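Just so you know, these numbers come straight off a predicted model, no measurement behind them. FYI, the numbering just counts along the sequence from 1. Indexing begins at 1, ligand by ligand and atom by atom, following the structure's order.
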Amino acid sequence: MTESYCKVALPVPLRTTFTYRVPETLRGAVQVGSRVLVPFRKKSLVGVVAEMAEAAPEGTEIREISKALDLAPALTPKLLELGQWIAGYYLAPIGEVFRAMLPPQTEIALKRQIVLTEAGKALAEKLKEGSALTDLGGRESEFLEKLFEKKGVLTVGSGSKLGIEAVALERLERRGYVEIRETVQGRKRKTQQVVAWKPTDASASMEKLGEKEKRIRALLETERGPLPVARLLKLAHVSRALLERMLRDGLLEGWEEPIDPAEDPFDAGYTPPAHALNETQESAFKAIRARFELGEFGVQLLHGVTGSGKTEVYLRSVQDALARGKTAIVLVPEIALTLWIGRQCRAWFGARFEGVAVLHSALSDVERAREWWRVRNGQARVVVGTRSAIFAPLENLGLIIVDEEQENSYKQEETPRYHGRDVAIVRAKLENAAALLGSATPSLETYHHAVNGKYELLTMATRVENRSLAAVEIVDLRQDFQQTHQTSPISKTLHEAIAECLSFNTQALVLINRRGYSWSVLCRSCGASVQCVNCSISMTYHKSRNRLECHYCGSIQAVPKTCPKCDSKYVYFFGEGSEHLEERLRKEFPGARIARLDRDTARTKQQYQETLGAFAGGALDILVGTQMLAKGHDFQRVTLVGVVSADSSLSLPDFRAAERTFQLLTQVAGRAGRGDLPGRVLIQTYYPEHYAIQDAVRQDYLSFYERELHFRRMMAYPPFTSLANVIVRDTNLENAIRWSRRLSEYFSPHDGKGARALGPASAPLARLKKEHRYQFLLKSPKRSVLTKLLSGALAFCDANEIPGTAVLVDMDPLTLL
Ligand code: ADP
Ligand code: ZN
Ligand code: ZN
């Protein structure tokens, strides 16, 4: 008998599931793990069936499921289990967890394909001849024949009739007569207009051109080449009308080109370097293979200095997993890296792009859903992606690689606040797979586990081909100022190094860890700084957009001419950002080809590809950008890396400030000298004595690890204790205070009993997105104690009418802001 009720997890901030009746017509189609459409309050919501049930709770009105959205459950049993673990560990509502695990909801475009298998075909032929002996029902036989007539494929939209009951169809599938696939139907091929500079036109003599036209010419002729119109508009900051006029005047020519995500222009003509592994790589790879041979869960840390050739080892490991009939996930910390590693994987494993799926948030919903279902249908066996790709619905998982495991971007900073690396380990455990964490600068937690033997440590201490690590030098900004009495973000030493780089025709990367033009607007008369109206944070000036922006909530303000507080005229812009740096470099090196890469210039996949492609291809001399540039890229002609300000990350009120600074600097240093040319790294700082900077200069991970571990032990921070950050927040200040006081009635008595409970205190970010914030910090050597304490706290909130949305729980927080 099939059950008539089920419990559905819905994407609402409530820590519970909801019972619905399964109507007769949907019995069999509603299974654990499938997505269903249900009425909830006055809305329809998509949820996931968490459990089947034979009865419903007494005394409540039970509503009916309106629609079953999947023929095969979207979430596999293992993923359901993983979701439950996440909900428990991070104290997140199960419905929100499942939503984070699912593909974007593009139901409208979702199509099912029912495909006749070879066995099905044979049977259908016999049925037609009337010579088949079968125990299939009449409907089922009819359906097979119909499918046969339709050349073996039936495509149906989510709303349309199948001509067969879901249960019967499933029976056919189980017996291997048909295959059910869900696909996202490719929309109509889209095209885009591309323009190029028309070289032959005599009217284009330079004198006649206006500033904007010159800029466009420079972009199209020398800096980038032909560009899609939309892209050009952004890069050149010009109007569409101007481009249209230039097209009419014959300065530009334009044509239509298809945009087809499957035909990635990035791949064209790419052949991956095929290196035989060197000895160091070989021994790491052997250890990984030995782990596979055991065929059981285990975690390995591949600690390899930058340029030691980790990617090569990853690729072989994936290859090995595939050869054993298993599937693999490769997590990378940045969208940009999915492009590089995705491309290599496609070249290695995916003839004609099959076999490899790429998942990240810069894909359109349709693209992302298409990739997701390709994975679910077994059409891709390798997944490369950012954080949420850890939920890729692969079956028979053998290997999960987490590249640059220490990266903060693996942590999701909204509900469910999971850490992708930690979830990767749990998933590997559930699936009995191997987890491989890779890094040049492992997080303290991970390295600690490796030292303690909980993880297996694999070390690659040298760069490939005996290349030396880049020489790192400190530029003491105090001395520089005494000599030059100038406050340029580019010191004299850095300037000279860039000039040298240009004269040798090699490339330079210049890093700054803030975007925008300047990150503070200050009044010289009264000292007031322009704050965001919603957050206790200063506004960042964006010059090209001519406005102030809040990087936390996105609010904008006009650029003030006078001080908003005292009306003085002496407002000044303080603290350089990437936009300022780019401007400065253009001024200091007028002949150089310069581009900037940060979240303002690279919002889409195409933009990343263009800029990175241009740099890798040698069409640029200098690339300026935020830490986005520090990670993983393998540029062969970079001989100089400049870090404009190493200090801003050190001064944050955060116990991870030193670790983060050390990691960033080491990673950045790793971008120089990767090819045949030696590299040089200049780090500008006001605190050259700090151990994070000193150890980064020597690129001495172990020394840093020892010192930092000592500090963590003294301060009782991870890895010696587990932490949880609890924020009580509300737009109304009184509510925030009242609720945090009330909550402290729960926490205080627990303080000192296996855990410390500190607070409530005003959070370092006292106001964020209009909400006032108070904070409790919980510490315990045992995480299970924290979990218990926290679930108790949430129950306490429910009982005391503290709204669930007002209390934010962050288990294993990366930052305490
Ligand atoms: P990492 O990720 O450890 O910083 P990469 O995997 O990016 O390093 O490799 C650095 C460079 O070395 C790449 O250009 C890669 O093609 C090259 N490489 C990798 N393995 C070898 C090898 N065995 N011999 C020569 N070059 C190699
Ligand atoms: Zn003022
Ligand atoms: Zn704000």
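When only interatomic distances are considered, the shortest N/O to N/O separation between Arg467 and ligand 1 does not fall below 3.5 Å. Considering backbone and side-chain atoms alike, Gln281 places an N or O below 3.5 Å from some N or O of ligand 1. For the pair Gly309 and ligand 1, the shortest N or O to N or O distance falls below 3.5 Å. Among the atoms of Thr311, some N or O lies under 3.5 angstrom from an N or O of ligand 1.
Side chain to side chain, Asn513 and Thr626 fail the donor-acceptor criterion of an N or O pair below 3.5 Å. No donor-acceptor contact under 3.5 angstrom links the side chains of Glu312 and Gln281, judged on distance only. Checked by atom type, the side-chain pair Gln667/Glu404 shows a donor-acceptor distance below 3.5 Å.
Residue-ligand proximity: Val305 is placed with a non-hydrogen atom under 4.0 Å from ligand 1. Taking 4.0 Å as the cut-off, Gly307 counts as a neighbour of ligand 1 on heavy-atom distance. Residue contact check for ligand 1: Gly304 places no non-hydrogen atom closer than 4.0 Å to it. Taking 4.0 Å as the cut-off, Gly438 does not count as a neighbour of ligand 1 on heavy-atom distance.
Between His448 and Tyr705, the ring-plane angle classifies as tilted under the 30° and 60° cut-offs.
Using a 4.0 Å cut-off between heavy atoms, Lys310 contacts ligand 1 through both its backbone and its side chain. At a heavy-atom distance under 4.0 Å, only backbone atoms of Ala276 (N, CA, C or O) approach ligand 1.
Around the Zn ion (ligand 3), protein N, O or S atoms at a distance under 2.8 Å total 4; waters are neither shown nor counted.
A salt bridge links Arg545 with Asp600: the closest approach of a Lys/Arg side-chain nitrogen to an acidic carboxylate oxygen falls below 4.0 angstrom.
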